[in-house]
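In what follows, a structure is listed as structure tokens, so that the remarks can point back to it.
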Amino acid sequence: MKVEILLVEDYTHPIDKVWAAITDPAALAQWLMVNDFEPRIGKRFTLHAEPTAEWRGWMDCEVLEMEPPRRMVWSWHRSELDEPTRVEFRLEPSAGGTRLTLMHTGESDPMARGRYSSGWPIKLSNLGSLLAKTD
């Protein structure tokens with residue numbers, strides 16, 4: 001089953017600040033998950049959180065594309081049994097700040113799709129809170 005999530009958030013912060021928050025490992029750990037991320041194409045990294053009965057507790061990811069400070073694409077691999085999906089972050093200046101567009105696409109089971117659909121809005125809200133704290 002396809003997952004096709006498209007979310008758009010406007011932040012009242014300059015594009016460089018939002019870019020830093022989505023590419024700095026320490027910032028990512030605060031709003032998304034603990035990680036060993038590095039902002040470079042080809043970097044394989046892992047995002048860690050508490051395991052659940054339905055999930056092993058980590059995502060295997062890879063940086064597929066980067067166009068600082070405007071665009072970044074990751075592969076997103078939930079488990080060995082699933083095909084990787086794709087997460088894309090796009091940033092563009094907007095009136096009063098930065099518009100972030102997040103797209104999460106690919107094949108996924110219905111349970112994972114539901115978790116992504118409910119989880120990403122929370123994560124983007126966490127990103128907004130982090131940005132507000134660093135003013």
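Heavy atoms only: backbone and side chains are in, while hydrogens, waters and symmetry mates are out.
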- prompt: Under 4.5 Å between side-chain heavy atoms, hopping through other hydrophobics if needed: is there a path connecting Ile22 to Met33?
  reply: yes

- request: Output the distance between atom CG (Leu130) and atom NZ (Lys17), rounded to the nearest 0.5 Å.
  value: 8.0 Å

- prompt: For the hydrophobic clusters of this structure (ILVMFWY residues joined by side-chain heavy atoms under 4.5 Å, transitively), does one cluster hold both Val8 and Ile5?
  reply: no

Pairs satisfying side chain to side chain donor-acceptor pair (under 3.5 Å), at least one member in residues 86-97, at least two apart: Glu65-Arg86, Arg71-Glu88, Glu88-Arg90

- prompt: Under 4.0 Å between a Lys/Arg side-chain N and an Asp/Glu carboxylate O for Arg99 and Glu9?
  reply: no

message: Checking the side chain of Thr12 only, and the main-chain atoms of Gly96 only, is there a donor and an acceptor separated by less than 3.5 Å?
response: no

- prompt: To the nearest 0.5 Å, how far apart are CD in Glu67 and CE in Met72?
  reply: 11.5 Å

Within one Ile-Leu-Val-Met-Phe-Trp-Tyr cluster: Met66 and Leu102, side-chain cutoff 4.5 Å: yes

- request: Kindly check if the number of other-residue, nucleotide or ligand heavy atoms within 6.0 Å of CZ (Arg44) is above 12?
  value: no

- request: Kindly indicate whether the side chain of Asp109, heavy atoms from C-beta on, has any atom under 4.5 Å from the side chain of Arg78.
  value: yes

- prompt: Under 3.5 Å, side chain of Ser125 to main-chain N/O of Pro121, donor-acceptor pair present?
  reply: no

- request: Assign the ring pair Trp76 / His104 to parallel, tilted or perpendicular, where the plane angle (0 to 90°) is split at 30° and 60°.
  value: perpendicular

- prompt: Roughly how far, to the nearest 0.5 Å, is CD1 of Ile122 from CG of Leu127?
  reply: 14.0 Å

task: Please name all residues satisfying ring pair (Phe, Tyr, Trp, His ring centres under 6.0 Å) with Tyr11, sequence neighbours left out, ordered by chain then number.
output: none

- prompt: Is there a side-chain contact between Ile15 and Arg70, using heavy atoms and a 4.5 Å cut-off?
  reply: yes

- prompt: Met103 and Leu6: which non-hydrogen atoms are nearest, and at how many Å?
  reply: CG-CD1, 3.4 Å

field: In one Ile/Leu/Val/Met/Phe/Trp/Tyr side-chain cluster, 4.5 Å: Met111, Trp120
entry: no

- request: Give the ring-plane orientation class for Phe45 versus Phe37, where under 30° counts as parallel, over 60° as perpendicular and anything between as tilted.
  value: perpendicular

statement: In this structure, CD of Glu4 is separated from OG of Ser117 (nearest 0.5 Å) by 10.5 Å

task: Could you note down all residue pairs passing side chain to side chain donor-acceptor pair (under 3.5 Å) where residues 22-38 supplies at least one of them, sequence neighbours left out?
output: Glu38-Arg40

task: Using the salt bridge (charged side-chain N to carboxylate O under 4.0 Å, His left out) rule, take Lys43 and Glu62 through it: C-alpha gap first, then chi angles, then the decisive distance, then the call.
output: CA-CA 5 Å; Lys43 169 62 177 170; Glu62 181 179 353; over 6 Å; no

statement: Heavy-atom nearest pair, Ala21 first then Ala27, reads O-CB, 3.5 Å

message: Any non-hydrogen side-chain atom of Asn126 less than 4.5 Å from a side-chain atom of Leu32?
response: no

statement: Value for CG (Leu100) from CG (Leu91), rounded to nearest 0.5 Å, stands at 5.0 Å

message: Please evaluate residues Phe89 and Trp19 with respect to the criterion ring pair (Phe, Tyr, Trp, His ring centres under 6.0 Å), reporting the C-alpha separation (whole Å), side-chain torsions for both, the decisive distance (0.1 Å), and the verdict.
response: CA-CA 9 Å; Phe89 301 89; Trp19 180 257; 8.7 Å; no

message: Please report the interatomic distance CG(Leu64) to CH2(Trp74), rounded to the nearest 0.5 Å.
response: 11.0 Å

- prompt: Does atom CD of Glu50 have more than 12 heavy-atom neighbours from other groups under 6.0 Å away?
  reply: no

message: How close do Thr85 and Thr105 get, counting heavy atoms only, and between which atoms?
response: CB-O, 3.2 Å

